[in-house]
Number of protein chains: 2
Amino acid sequence: MIKHDVESCAKARLAIRDTLDVVGGKWKLVLISVLRSGKKGFNELAREAGISPRILSKELQELEMNGLVSREVCNTKPVTVQYQLTPYSETLNDVLVAMEQWGDRHRQKIISRE
Amino acid sequence: MIKHDVESCAKARLAIRDTLDVVGGKWKLVLISVLRSGKKGFNELAREAGISPRILSKELQELEMNGLVSREVCNTKPVTVQYQLTPYSETLNDVLVAMEQWGDRHRQKIISRE
DNA sequence: ATCATAACTATCCTTTTTGTAACTACTATC
DNA sequence: GATAGTAGTTACAAAAAGGATAGTTATGAT
């Protein structure tokens with residue numbers, strides 16, 4: 001059960017702001033979602049997510065700083081870099097799942113009433 | 001269990017984008033969170049959320065358009081308006097709760113390692 | 001030597017978002 | 001009449017976010 005008094009709501013607001021600070025914005029959750037299908041290279045990620053390199057680079061750095069994504073440089077012919085989710089990123093599963101489900105159902109709702 | 005193949009991930013990304021379109025941004029979820037403690041007037045909401053009237057007005061309109069908040073004009077001495085969550089907004093509970101918990105735990109994590 | 005690929009970075013620019021401050025309309029009170 | 005409270009709106013400015021394009025470094029293939 002969730003409390004709705006003034007004090008607990010202030011806490012809730014703070015927590016939501018914190019979450020938004022880390023995974024808010026247009027790309028963070030999308031990138032995490034993409035990375036759930038396995039580690040990816042930079043360009044691969046850019047293609048799959050439909051994001052420009054400049055933004056991708058910035059977003060990945062932020063995700064890395066927050067411990068959600070790890071960057072691994074591989075000693076391949078042309079140096080490649082692999083990005084993958086960290087174990088800590090799994091703590092976001094509930095958020096991810098909740099948003100996926102809600103988005104899906106909301107879309108159904110919109111479509112069905114047109 | 002969650003699938004991670006290319007196809008289901010594309011769907012997941014779409015759903016996440018949809019969700020972000022509706023409740024993304026700096027204020028939407030915060031306002032919903034504030035409104036969970038009961039119906040509020042315009043200025044009351046502005047004060048509690050720390051948001052300027054201009055933004056508040058815009059955000060409330062969008063929330064209303066998406067069926068998450070309802071606006072009720074009351075016939076009081078100075079006309080007052082009550083904003084409150086709709087039943088449909090309850091479908092966001094999982095998202096809200098997940099984000100509140102994650103934000104809270106993430107904060108703990110950050111604090112404890114400083 | 002030239003071209004291609006991977007992973008970025010730099011520059012420039014546009015759009016979106018957010019904020020400030022002032023102002024409107026209406027009523028009630030001092 | 002002046003002032004205050006409610007619910008906004010308007011005009012303007014600043015900042016943040018996002019995007020397009022080209023360039024850089026490094027390596028290997030042709």
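Chain naming here is simple, since letters A, B, ... match the order of the sequence lines and numbering starts at 1 in each.
Whole-Å rounding puts the A:Leu56 CG to C:dA7 P distance at 10 Å. Taking atom CZ of B:Arg71 as the reference point, atom C1' of D:dT6 lies 12 Å away to the nearest angstrom. Rounded to an integer number of Å, the gap from A:Glu72 CD to C:dA6 P is 17 Å. One can place CG of A:Asp21 at 15 Å from C1' of C:dT18, the figure rounded to the nearest angstrom. What separates CG of A:Leu60 from P of D:dG18 is a distance of 14 Å, to the nearest Å. In this structure, the CD1 atom of A:Ile51 is 11 Å from the P atom of D:dA20, given to the nearest Å. Rounded to an integer number of Å, the gap from A:Phe42 CZ to D:dA26 P is 18 Å. Atom CD in A:Glu44 sits about 13 Å away from atom P in C:dC8, given to the nearest Å.
For B:Tyr83 and D:dG8, the shortest distance from a side-chain N or O to OP1 or OP2 is below 4.0 Å. A:Ser52 has no side-chain polar atom (N or O) that falls below the 4.0 Å cut-off from OP1 or OP2 of D:dA20. Within the structure, every side-chain polar atom (N or O) of A:Lys26 is placed at least 4.0 Å from both OP1 and OP2 of C:dT16. Phosphate proximity of C:dT9 to A:Ser57: present, with a side-chain N or O under 4.0 Å from OP1 or OP2.
B:Arg107 places no side-chain N or O within 3.5 Å of a backbone atom of B:Trp102 that could act as its donor or acceptor partner.
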Could you go through the side chain to side chain contact (heavy atoms under 4.5 Å, CB included) check for B:Arg71 and B:Gln61 one step at a time?
-> CA-CA 9 Å; B:Arg71 196 187 105 114; B:Gln61 281 173 25; over 6 Å; no

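Residue B:Trp27 has its side chain nearest to C:dG19 when only D:dT6, D:dG19, C:dG19 are considered.
Of all heavy-atom pairs between A:Leu85 and A:Arg36, the closest is CD1-CG, 3.7 Å. B:Ser89 and B:Leu68 make their closest contact through CB-O, 3.3 Å (heavy atoms, listed as atom of the first residue, atom of the second, distance).
Projected onto DNA chain C by closest heavy-atom contact, B:Pro53 and B:Glu59 fall at different nucleotides, the more 5' of which corresponds to B:Glu59. For the pair A:Val79 and A:Gly50, nearest-nucleotide mapping onto DNA chain D gives the more 5' position to A:Gly50.
Taking CG from B:Asp104 and CG from A:Leu14, the interatomic distance works out to 8.0 Å, rounded to the nearest 0.5 Å.
With hydrogens and angles left out, the side chain of A:Arg54 and the base of D:dG18 share a donor-acceptor pair within 3.5 Å.
Contacts of A:Thr80 with the nucleic acid, taken as non-hydrogen atoms under 4.0 Å apart, involve only primed sugar atoms and P, OP1 or OP2.
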